[in-house]
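Reviewing the structure listed below.
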2 protein chains.
Amino acid sequence: MAAVDLTTHPGHLARRLQQAHYLLWNTMVSEETTSPQYAVLNALVAEPGLDQRTVGERVGLDRSTIAEVVSRLGRRGLLDKVRDPQDGRRSLLRLTDEGLRVHRRLGVRVARMNQVFLAPLAADEQAVFIDLMRRVADAAEGLRNPAEPTAAPG
Amino acid sequence: MAAVDLTTHPGHLARRLQQAHYLLWNTMVSEETTSPQYAVLNALVAEPGLDQRTVGERVGLDRSTIAEVVSRLGRRGLLDKVRDPQDGRRSLLRLTDEGLRVHRRLGVRVARMNQVFLAPLAADEQAVFIDLMRRVADAAEGLRNPAEPTAAPG
DNA sequence: TCACTTTCATCGGTGCACTGACGATACATG
DNA sequence: CATGTATCGTCAGTGCACCGATGAAAGTGA
């Protein structure tokens with residue numbers, strides 16, 4: 001009695017979606033470099049020397065998680081980490097040549113995987129899907145950062 | 001150079017979506033009972049006495065993960081676990097009264113949270129979103145189970 | 001009856017993700 | 001300069017999610 005159909009629950013679907021993507025990534029992109037790790041590499045390609053916290057913010061990882069991911073990437077020699085001489089609290093990150101190589105090599109496979117992932121949808125549906133996911137994710141993340149008022153608050 | 005815009009990558013969005021849902025769940029539904037745990041409770045409300053592996057299949061958890069989730073629920077006294085006398089490999093699961101109570105109590109909050117989660121979308125968009133997520137997730141999971149041919153294959 | 005194979009649960013290992021607490025550094029005010 | 005506040009990184013703890021290996025139980029076939 002009172003059991004619910006979870007296939008209509010967006011949260012449950014989001015979880016299944018993420019798991020499906022995880023598996024697809026493992027088979028089509030890389031078994032060594034995970035999707036969050038690739039996101040970090042990508043952020044540092046765009047902005048070399050960025051500090052750790054900001055990288056985490058860019059890719060959607062909190063401070064604890066970005067610390068672990070960065071630690072793994074550093075252990076594999078894909079990035080260097082140095083204290084900011086201007087601000088001793090910050091860690092500045094920069095890709096090594098090997099990090100750049102890995103990022104470049106994975107790029108093609110990531111694009112292929114995205115195609116396979118979205119293949120069940122028609123082209124116009126794919127665009128709608130991306131848009132809807134982004135709007136929901138943005139809104140939910142906005143609930144967490146409770147305002148960030150540019151103008152003066154009340 | 002060659003950095004990519006991750007906000008157009010469905011996998012990255014799926015991860016952010018799942019994280020957003022995780023946070024919303026924690027604040028609006030429960031800090032003790034997680035979303036996967038609720039899914040297990042729900043599956044057992046629908047089919048009491050189901051075996052552990054099938055429950056995992058219903059809610060999208062592999063054998064290792066369902067074992068851990070069931071272990072936590074059992075430790076909290078929300079379900080009972082007994083060996084199948086007909087098949088000594090299987091574990092049969094059944095909710096306790098407390099498990100039923102928790103499931104019933106969370107139902108209302110889950111519905112409220114789903115509304116908040118989907119609030120940024122118009123009503124018709126919400127239906128489309130659910131449909132698209134389900135189709136992508138189903139297809140990707142289908143890639144894993146390599147056929148299950150009902151009729152004779154080629 | 002005796003292998004062979006399949007299925008289920010468990011265990012160890014890895015990785016992501018959160019919370020809460022901590023120490024170090026920086027900044028802001030008096 | 002000293003005190004208080006905010007920020008950054010880390011650590012400990014919990015939970016989900018995967019893989020591969022192992023062992024127990026069941027089924028299959030010679």
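Letters A, B, ... mirror the listed sequences (proteins, then strands); counts begin at 1.
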Item checked: Out of dC8(D), dA17(C), dC19(D), whichever nucleotide has its closest atom nearest the side chain of L23(A) -> dC19(D)

Note to self: Nearest to the side chain of R89(B), heavy atoms from C-beta on, is which of dT10(C), dA24(D), dC18(C)?
What the structure shows: dA24(D)

Notebook entry, point to check: How close or far is atom P of dC18(C) from atom CD of E57(A), stated in whole angstroms?
Noted result: 13 Å

Next item on the list: For R16(B) and dC18(C), give me the distance from atom CZ to atom C1', rounded to whole Å.
Entry: 17 Å

Check: Nearest nucleotide by nearest heavy atom, which residue falls closer to the 5' end of DNA chain D, L92(A) or Y22(B)?
Finding: L92(A)

Next item on the list: Measure the distance from CG on D62(B) to P on dT7(C) and round it to the nearest whole Å.
Entry: 16 Å

Next item on the list: May I have the distance from Q52(A) (atom CD) to dT25(C) (atom P), rounded to whole angstrom?
Entry: 16 Å

Next item on the list: Among the candidates dC18(C), dC8(C), dG15(C), find the nucleotide nearest to the side-chain atoms of Q19(B).
Entry: dC18(C)

Check: For T54(A) and R58(A), does a side-chain donor sit closer than 3.5 Å to a side-chain acceptor?
Finding: no

Next item on the list: Tell me which of R90(B) and P36(A) sits closer to the 5' end of DNA chain C, going by the nucleotide each one is nearest to.
Entry: R90(B)

Checklist line | Short N-O contact, E32(B) and R76(B), less than 4.0 angstrom | finding: no

Next item on the list: Give the nucleotide from the list dC18(C), dC18(D), dG9(D) with an atom nearest to the side chain of S91(A).
Entry: dG9(D)

Checklist line | Main-chain N/O of V82(A) paired with S91(A) side-chain donor or acceptor, under 3.5 Å | finding: no

Check: What is the nucleic acid contact for R63(A), judged by heavy atoms within less than 4.0 Å: base, sugar-phosphate only, or nothing?
Finding: base

Next item on the list: Can you tell me the distance, in whole Å, between the CG atom of D84(B) and the C1' atom of dT7(C)?
Entry: 13 Å

Next item on the list: For T65(A), answer base if it contacts any base atom (sugar-phosphate contacts may also be present), sugar-phosphate if it contacts only those atoms, and nothing otherwise; contact means non-hydrogen atoms under 4.0 Å.
Entry: base

Next item on the list: Give a yes or no on whether a donor-acceptor pair under 3.5 Å exists between the nucleobase atoms of dC11(D), that is its base, and the side chain of S64(A).
Entry: yes

Check: Given dA9(C), dC18(D), dA26(D), which nucleotide is nearest the side-chain atoms of D87(B)?
Finding: dA26(D)

Margin query: Assess whether a salt bridge exists between D97(B) and R101(B), defined as any Lys/Arg side-chain N lying under 4.0 Å from an Asp/Glu carboxylate O.
Written below: no

Checklist line | Residue K81(B), side-chain atoms from C-beta onward, closest of dG9(D), dT10(C), dA17(C) | finding: dT10(C)

Notebook entry, point to check: Could you give the CH2-to-C1' distance, from W25(A) to dG15(C), as a whole number of Å?
Noted result: 14 Å

Checklist line | Backbone N/O of M28(B) and side chain of R112(B): donor-acceptor pair under 3.5 Å | finding: no

Item checked: Selection from dG15(C), dC18(D), dC8(C) that lies nearest to any side-chain heavy atom of E68(B) -> dC18(D)

Checklist line | Separation of atom CD1 in I66(B) from atom P in dA9(C), rounded to whole Å | finding: 9 Å

Checklist line | Rounded interatomic separation in angstrom, taking CZ from R15(B) and C1' from dG15(C) | finding: 12 Å

